[in-house]
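Below is one structure, written out as structure tokens; comments come after it.
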Amino acid sequence: MPAGWDPAAGFEGLNPNQLSDSDPRAQQLLARMRKLWDEAPVNPAMDGRNVRLPGYVVPLEEGRNGLREFLLVPYFGACIHTPPPPANQIIHVVLDKPTRLAKSMDAVWLTGVLRTGREKTEMGQSAYRMQGTGLELYTEKRQ
């Protein structure tokens with residue numbers, strides 16, 4: 001995320017937990033939040049950087065040969081529960097080669113060149129994309 005950007009800005013004092021899902025105020029709040037988060041700013045300094053990032057897998061395309069396309073999200077359960085994280089916390093990934101190594105919500109390390117670019121999927125809006133060159137299951141220490 002860019003320095004100084006706060007995903008909670010503009011929502012101070014609001015408590016959506018006090019509203020039922022069917023309350024029109026809750027639906028308006030969710031629509032407002034979704035718009036702001038889908039348009040969340042990127043960090044332009046990250047564009048073109050070769051990175052190794054941890055995150056969780058949300059599959060988008062999985063075929064006979066394994067996982068090929070997914071969203072990398074910052075916390076367990078993101079995009080499965082609503083709402084998805086802000087777009088600047090989601091990376092749309094297409095792997096060079098499909099893999100059977102990871103499945104839904106596995107914690108992984110992803111390697112590749114990070115690019116800015118928005119992509120809308122059924123699981124959420126991403127503000128970054130990556131042609132993944134390396135994927136391994138998450139461990140705290142590099143093997």
Side-chain angles (χ1 to χ4, degrees), residues 1-17 19 21-23 25-143:
M1 295 187 303
W5 184 79
D6 180 4
F11 298 103
E12 297 85 1
L14 298 174
N15 187 349
N17 295 331
L19 304 173
D21 289 347
S22 61
D23 187 320
R25 295 173 298 168
Q27 294 170 5
Q28 290 170 349
L29 179 60
L30 180 60
R32 184 171 139 223
M33 184 188 67
R34 190 70 271 145
K35 180 176 177 8
L36 287 172
W37 283 10
D38 285 350
E39 296 170 355
V42 298
N43 181 346
M46 296 304 294
D47 192 37
R49 298 216 19 214
N50 193 14
V51 296
R52 181 176 185 256
L53 300 169
Y56 294 88
V57 171
V58 176
L60 296 175
E61 181 187 316
E62 195 164 6
R64 201 166 24 119
N65 295 324
L67 180 67
R68 173 111 174 122
E69 184 178 358
F70 62 95
L71 298 178
L72 186 73
V73 297
Y75 54 85
F76 186 85
C79 297
I80 301 300
H81 306 300
T82 344
N88 62 7
Q89 295 178 27
I90 301 176
I91 302 170
H92 180 246
V93 180
V94 177
L95 296 174
D96 283 343
K97 294 181 271 183
T99 182
R100 293 187 186 281
L101 177 68
K103 58 186 182 306
S104 184
M105 282 299 128
D106 275 350
V108 297
W109 284 105
L110 175 67
T111 305
V113 177
L114 191 63
R115 298 282 180 200
T116 58
R118 297 189 185 271
E119 187 78 33
K120 187 171 181 120
T121 73
E122 68 275 6
M123 294 295 196
Q125 172 92 25
S126 63
Y128 295 97
R129 56 190 165 81
M130 183 186 292
Q131 185 72 37
T133 57
L135 185 74
E136 56 190 275
L137 291 177
Y138 180 88
T139 58
E140 288 194 36
K141 295 183 180 183
R142 195 169 207 168
Q143 298 177 3

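Side-chain atoms are counted along with the backbone in the values below, which use heavy atoms only and exclude waters and symmetry mates. The structure presented is a predicted model; accordingly, all values stated were derived computationally and were not measured.
Without hydrogens or angle criteria, E12 side chain to G10 main chain gives a donor-acceptor distance under 3.5 Å. A donor-acceptor pair under 3.5 Å is formed between the side chain of T133 and the backbone N or O of T111. In this structure, the side chain of R68 does not engage the main chain of V94 through any donor-acceptor pair within 3.5 Å. Looking only at distances, a side-chain donor or acceptor of Y128 sits under 3.5 Å from a matching main-chain atom of N43. Under the 3.5 Å distance criterion, the side-chain polar atoms of N88 are left unmatched by any main-chain donor or acceptor of M1.
The two residues P54 and L72 have their closest heavy-atom pair at O-CD2, 4.1 Å. Summarising the geometry of P59 relative to F70, their closest heavy-atom pair is CA-CB, 3.9 Å, with the distance given to 0.1 Å. A pairwise comparison of heavy atoms in M105 and A78 identifies CE-O, 3.5 Å as the closest pair. The shortest non-hydrogen separation linking Y75 to P85 is OH-CG, 3.6 Å. Nearest approach of M123 to L71, heavy atoms of both residues: CB-CD1, 3.7 Å. What you find for W5 and P86 is that their closest heavy atoms are CH2-CB, 3.6 Å.
The NZ atom of K103 sits 11.5 Å away from the CG atom of L67 when rounded to the nearest 0.5 Å. Separating the CG atom in L95 from the CG atom in L101 is a distance of 9.5 Å, to the nearest 0.5 Å. Taking OG of S126 as the reference point, atom CD of Q89 lies at 12.5 Å (rounded to 0.5 Å). Note that CZ of R100 is 6.0 Å distant from CG of N65, once rounded to the nearest 0.5 Å. Rounding to the nearest 0.5 Å places CG of L53 at 5.0 Å from CD1 of I91.
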- Task: Could you please spell out the steps behind the side-chain contact (heavy atoms from CB on, under 4.5 Å) verdict for E122 and L60?
- Result: CA-CA 8 Å; E122 68 275 6; L60 296 175; 3.8 Å; yes
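Heavy-atom contacts from other residues, nucleotides or ligands closer than 6.0 Å to CG of D21 number 12 or fewer.
Using a 4.5 Å cut-off on side-chain heavy atoms (C-beta onward), R115 and Q131 make no contact. For the pair P83 and L30, the minimum side-chain heavy-atom distance is below 4.5 Å.
Below 30°, between 30° and 60°, or above 60°: for Y56 and F76 the angle between ring planes is above 60°, a perpendicular geometry.
Among residues at least two apart or in separate chains, side-chain hydrogen bond (donor to acceptor under 3.5 Å, both in side chains) pairs with a member in residues 31-40 are R34-D38, K35-E39.
For the ring pair (Phe, Tyr, Trp, His ring centres under 6.0 Å) test, no residue two or more places apart in sequence or in another chain qualifies with F11.
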